[in-house]
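Only one structure is covered here, and it is reproduced in the block below.
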2 protein chains.
Amino acid sequence: MAGDDTQAQERRSAETYGKLVTATVNAVFEHGYAGATMTVIAQTAGVTRGAIQHHFGDRRVDIIARVTEHILRERQEAYASFYGASPAEGETVDTRAAMKAAYRDPATWFLIEVWIASKSDPELRDRVNTTLREVNDRGDMDIATHLSRLSDADFRVLKYFFRSLTRGIALEYSRKPDTALFDAVVDMALDALEGLNGAVPKA
Amino acid sequence: MAGDDTQAQERRSAETYGKLVTATVNAVFEHGYAGATMTVIAQTAGVTRGAIQHHFGDRRVDIIARVTEHILRERQEAYASFYGASPAEGETVDTRAAMKAAYRDPATWFLIEVWIASKSDPELRDRVNTTLREVNDRGDMDIATHLSRLSDADFRVLKYFFRSLTRGIALEYSRKPDTALFDAVVDMALDALEGLNGAVPKA
DNA sequence: CCCTATACATACATTCATGAATGTATCTTA
DNA sequence: TAAGATACATTCATGAATGTATGTATAGGG
């Protein structure tokens, strides 16, 4: 019906925006950060560079930074509902499954590439940091609430252990896509942590 | 004395070669893989692109691949002497110190960048794989001999856990250079592993 | 029915890395 | 000491990505 099309333009715009976000992630996943040129991203999304310019801005760092922001916020929300959902019954949170899903996620790979690129790109670095600070502050609250009831281990250390391991596995997995192997690595690591202090729930 | 200079040219050549190797590592460490152009590498080494061409070949992938090979062999040797040295007294091997040193090493960073770049560069990938297969086969023998006497855990899983964690920490460290934090992460991880099966020697 | 903003497409100038060719100086050996 | 090999420098053409500017069609309000 045409009745639903009252906001046709707005919907079309949102659709293109979404296509560009996923195209950016996929382009970086496939071609690497340097290979994910504006033309490649546009082609992956099935639009032209003009669309990128319209939605994100003139420069390449604009779309990268804003897509990064998009992904980070998305994760933050998933994160919050994951750890914040049932605070009283933390034992049911499946950390293992989450980690196993994360290391294969193209979005994880995208963040790794951006992370690395931002190391030698001051502007990207600043823009990512701004988002990161905001998102991390909220995420820290969530995970802290959750983990503080589960472990005596230092919270920060535990957090960075998880992040490092997940990203490291993603790195290895990218060139050796052996799911069974890396799932086993996750299990071994979390098994070991359980023994430490009862720090991590079994599943 | 001039007597030592009979091989002057050879020595000069070796010196330039060495400068180019370290310059390549440093350039990638500072400017990232994409930013480490042949011009940048040459400037870092204090020579011209002609020198690169002479020592490594016309194309960029030539110097990257051969420097990678250089680093991998160097590590393989260190690795072999580290784990192969005193096979009867494995307990004295300081895995913690090795890991703490590795995550800050620019060469580790270089390998990470090459690892990632080779994901979407078939030629680089092939050339690295060739070296890797050879080096890994030997390295596996060494570490297997060492670890098989220390752990009931699956050897491959343990090996990839170490690699993943080290690289993951290197990744985090690259943007948050907090040595105390990541040393603590290493310690926590190895503490946890100790509890697993007596898998890893304390130090 | 017009008119302006939105949403996107197309065109172009600039910059820059690459690959390849060629030039030059120093060493080495006979 | 002449010849050629080695080590490195310089130059150049090409292609590709970027940033920017301009063009066009459609939507929705007045």
Side-chain angles (χ1 to χ4, degrees), chain A residues 1-21 23-24 27-28 30-67 113 117 120-121 123-124 127, chain B residues 1-21 23-24 27-28 30-67 113 117 120-121 123-124 127:
Chain A
M1 311 251 183
D4 276 348
D5 262 5
T6 30
Q7 314 288 47
Q9 195 160 202
E10 191 175 340
R11 277 168 47 186
R12 176 168 135 89
S13 179
E15 205 173 310
T16 301
Y17 181 91
K19 280 199 289 186
L20 278 171
V21 169
T24 303
V28 168
E30 272 188 61
H31 307 286
Y33 184 82
T37 131
M38 304 191 83
T39 307
V40 167
I41 292 173
Q43 283 173 345
T44 304
V47 296
T48 66
R49 288 185 51 209
I52 297 180
Q53 187 182 21
H54 176 67
H55 283 282
F56 298 98
D58 284 334
R59 302 171 336 146
R60 184 177 127 96
V61 71
D62 289 329
I63 184 170
I64 296 292
R66 290 199 44 201
V67 168
E113 292 261 14
S120 38
D121 181 337
E123 185 179 0
L124 179 60
R127 295 178 65 164
Chain B
M1 310 240 182
D4 275 348
D5 262 3
T6 31
Q7 314 289 48
Q9 193 159 203
E10 192 174 339
R11 278 170 44 187
R12 178 168 136 88
S13 179
E15 204 173 310
T16 302
Y17 182 92
K19 279 198 289 186
L20 278 171
V21 169
T24 303
V28 168
E30 271 189 62
H31 307 287
Y33 184 82
T37 116
M38 306 191 82
T39 308
V40 167
I41 293 173
Q43 282 174 346
T44 304
V47 296
T48 66
R49 288 185 50 209
I52 297 180
Q53 189 180 23
H54 174 68
H55 282 282
F56 298 98
D58 284 334
R59 301 171 339 144
R60 184 177 127 96
V61 70
D62 289 329
I63 184 171
I64 297 292
R66 291 197 46 201
V67 168
E113 292 260 15
S120 38
D121 181 338
E123 185 178 0
L124 180 59
R127 294 178 66 165

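We name chains A, B, ... by the order of the sequence lines, and we start the count at 1 in each one. The figures here come from the full heavy-atom set of this structure, side chains too, leaving out hydrogens, waters and symmetry mates.
Map B:Gln53 and B:Glu10 each onto its nearest nucleotide of DNA chain C; the residue landing nearer the 5' end is B:Gln53. If B:Ala51 and A:Met38 are placed on DNA chain D by their nearest nucleotide, the residue sitting closer to the 5' end is B:Ala51.
The side chain of A:Thr48 approaches C:dC8 more closely than any other nucleotide in the set C:dC8, D:dA9, D:dA7. The A:Arg49 side chain lies nearest to C:dA11 when the options are C:dT18, C:dA11, D:dC8.
Using a 4.0 Å heavy-atom criterion, one finds that B:Thr37 contacts the sugar-phosphate atoms exclusively.
The two atoms that bring B:Leu20 and B:Ala45 nearest to each other are CD2-CB, 3.7 Å, heavy atoms only. Closest approach of A:Ala27 to A:Ile41, counting heavy atoms only: CB-CG1, 4.0 Å.
If you take OG1 on B:Thr24 and CD1 on B:Ile63, they are separated by 3.5 Å, rounding to the nearest 0.5 Å.
Using a distance-only test at 3.5 Å, with no hydrogens or angles considered, no donor-acceptor pair links the side chain of A:Arg127 to the main chain of A:Arg66.
Rounded to whole Å, the distance from CG on B:Asp58 to C1' on D:dC8 is 14 Å. Regarding B:His54, its NE2 atom lies at a distance of 19 Å from the P atom of C:dG23, rounded to whole Å. With rounding to whole Å, A:Ile52 atom CD1 is found 15 Å from D:dT20 atom P. Rounding to whole angstrom units, CD1 of residue A:Ile63 and P of D:dA17 are separated by 15 Å.
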